[in-house]
Amino acid sequence: MKKVRGKKRKLCMIEQRLIEATRVFPQTYYNELHVMKLPASQAFIEALRPKESASIARFLLNSATALLQQKPHDTYKIVVLLFPQQMWYSQIIVFEYGQAYDEFFTRQTQQGAGVRRKPHFQFLIATGSGGSLSKKMSK
């Protein structure tokens with residue numbers, strides 16, 4: 001693996017950009033959801049050591065907590081998708097309505113039977129008004 005130059009500076013920039021992106025609760029939604037991906041290149045994220053990947057996960061959780069404290073009402077759900085093995089795919093998703101949240105995790109086939117997705121990720125759901133995050137694991 002090639003050495004990454006300016007790693008500390010780039011990690012600080014990721015944190016700054018996530019703070020800036022979550023300073024105001026999102027107002028624009030596409031298909032009733034707002035997606036915030038990591039503001040860095042895939043090559044940089046994949047070259048990180050596990051300790052540095054953990055700091056990125058912490059940045060995402062802190063950003064989701066900030067969004068949770070700004071949440072205007074209970075119809076919004078905030079989800080942090082964490083891919084521990086491939087941090088590049090980690091993201092924060094804000095669902096505008098509960099129906100969009102349900103449809104995201106349960107997909108309908110053409111026959112109408114529900115199919116549970118089985119991805120390899122962990123997701124954290126922000127619920128309540130007290131600023132708490134509840135952890136759920138996908139199977």
Side-chain angles (χ1 to χ4, degrees):
M1 227 186 257
K2 189 176 177 181
K3 181 178 177 182
V4 177
R5 296 181 58 98
K7 191 181 295 188
K8 187 175 181 180
R9 175 183 52 83
K10 290 178 183 179
L11 284 171
C12 287
M13 287 304 297
I14 291 172
E15 184 178 21
Q16 294 275 331
R17 289 178 182 159
L18 284 173
I19 289 170
E20 186 63 34
T22 57
R23 191 170 306 244
V24 178
F25 199 81
Q27 300 296 319
T28 57
Y29 295 88
Y30 179 73
N31 289 338
E32 298 177 354
L33 58 94
H34 180 85
V35 178
M36 294 180 209
K37 297 186 177 187
L38 287 174
S41 70
Q42 184 173 4
F44 174 72
I45 298 295
E46 289 177 352
L48 294 176
R49 294 184 178 145
K51 183 178 179 181
E52 295 152 344
S53 293
S55 66
I56 291 202
R58 196 174 322 110
F59 298 157
L60 288 169
L61 293 175
N62 291 342
S63 298
T65 304
L67 285 174
L68 180 62
Q69 293 170 351
Q70 301 172 19
K71 190 166 74 164
H73 46 81
D74 289 337
T75 59
Y76 292 98
K77 290 202 183 266
I78 301 166
V79 176
V80 179
L81 294 177
L82 291 177
F83 292 84
Q85 301 301 324
Q86 300 171 327
M87 281 302 281
W88 167 250
Y89 297 106
S90 297
Q91 56 192 311
I92 299 172
I93 303 175
V94 179
F95 293 94
E96 193 172 12
Y97 300 106
Q99 182 180 4
Y101 169 79
D102 293 335
E103 289 174 359
F104 185 81
F105 292 105
T106 305
R107 301 292 184 202
Q108 297 294 327
T109 62
Q110 291 179 350
Q111 291 81 20
V115 176
R116 288 305 263 179
R117 296 177 66 197
K118 294 192 177 189
H120 298 288
F121 62 81
Q122 299 174 353
F123 61 97
L124 298 152
I125 304 169
T127 57
S129 59
S132 63
L133 292 174
S134 63
K135 182 177 182 179
K136 294 191 178 182
M137 304 278 287
S138 70
K139 297 178 182 175

Rounded to the nearest 0.5 Å, how far apart are [atom1] of [X] and [atom2] of [Y]?
{"X": "L48", "Y": "S55", "atom1": "CG", "atom2": "OG", "result": "7.0 Å"}
{"X": "Y97", "Y": "Y76", "atom1": "OH", "atom2": "OH", "result": "6.5 Å"}
{"X": "I14", "Y": "S63", "atom1": "CD1", "atom2": "OG", "result": "11.0 Å"}
{"X": "Y89", "Y": "L38", "atom1": "OH", "atom2": "CG", "result": "12.0 Å"}
{"X": "E103", "Y": "N31", "atom1": "CD", "atom2": "CG", "result": "9.5 Å"}
{"X": "I78", "Y": "L67", "atom1": "CD1", "atom2": "CG", "result": "5.0 Å"}

With a 4.5 Å heavy-atom cut-off, do [X] and [Y] have their side chains touching?
{"X": "K77", "Y": "V94", "result": "no"}
{"X": "P26", "Y": "M36", "result": "yes"}
{"X": "T75", "Y": "E96", "result": "no"}
{"X": "V80", "Y": "L61", "result": "yes"}
{"X": "T22", "Y": "T65", "result": "no"}
{"X": "F83", "Y": "L81", "result": "yes"}
{"X": "S90", "Y": "I56", "result": "no"}

What pairs with E52 under salt bridge (charged side-chain N to carboxylate O under 4.0 Å, His left out), at least two apart in sequence or on another chain?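 Once residues adjacent in sequence are excluded, the partners of E52 under the salt bridge (charged side-chain N to carboxylate O under 4.0 Å, His left out) criterion are K7.
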The criterion is salt bridge (charged side-chain N to carboxylate O under 4.0 Å, His left out); which residues satisfy it with R23, sequence neighbours excluded?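 Result, salt bridge (charged side-chain N to carboxylate O under 4.0 Å, His left out) vs R23: E20.
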Between Q70 (side chain only) and F25 (backbone N and O only), is there a donor and an acceptor less than 3.5 Å apart?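 At least one qualifying donor-acceptor pair exists.
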H34 side chain to Q27 backbone, donor-acceptor under 3.5 Å: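 No; judged by distance alone, with no hydrogens or angles, the pair does not exist.
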Joint cluster assignment, V35 & L82, ILVMFWY side-chain distance < 4.5 Å: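 Both belong to a single hydrophobic cluster.
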Tell me whether Q42 at atom CD has more than 12 heavy atoms from other residues, nucleotides or ligands lying less than 6.0 Å away.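 Check passes, neighbour count above 12.
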For the residue pair A57 and M87, what are the closest heavy atoms and their distance?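 For A57 versus M87, the nearest heavy atoms are N-CE, 3.6 Å.
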How far apart are the closest heavy atoms of E32 and A100, and which atoms are they?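 Closest heavy-atom pair between E32 and A100: OE1-CB, 3.3 Å.
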Restricting to pairs with a member in residues 38-71, which pass ring pair (Phe, Tyr, Trp, His ring centres under 6.0 Å), not counting sequence neighbours?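 For residues 38-71: none.
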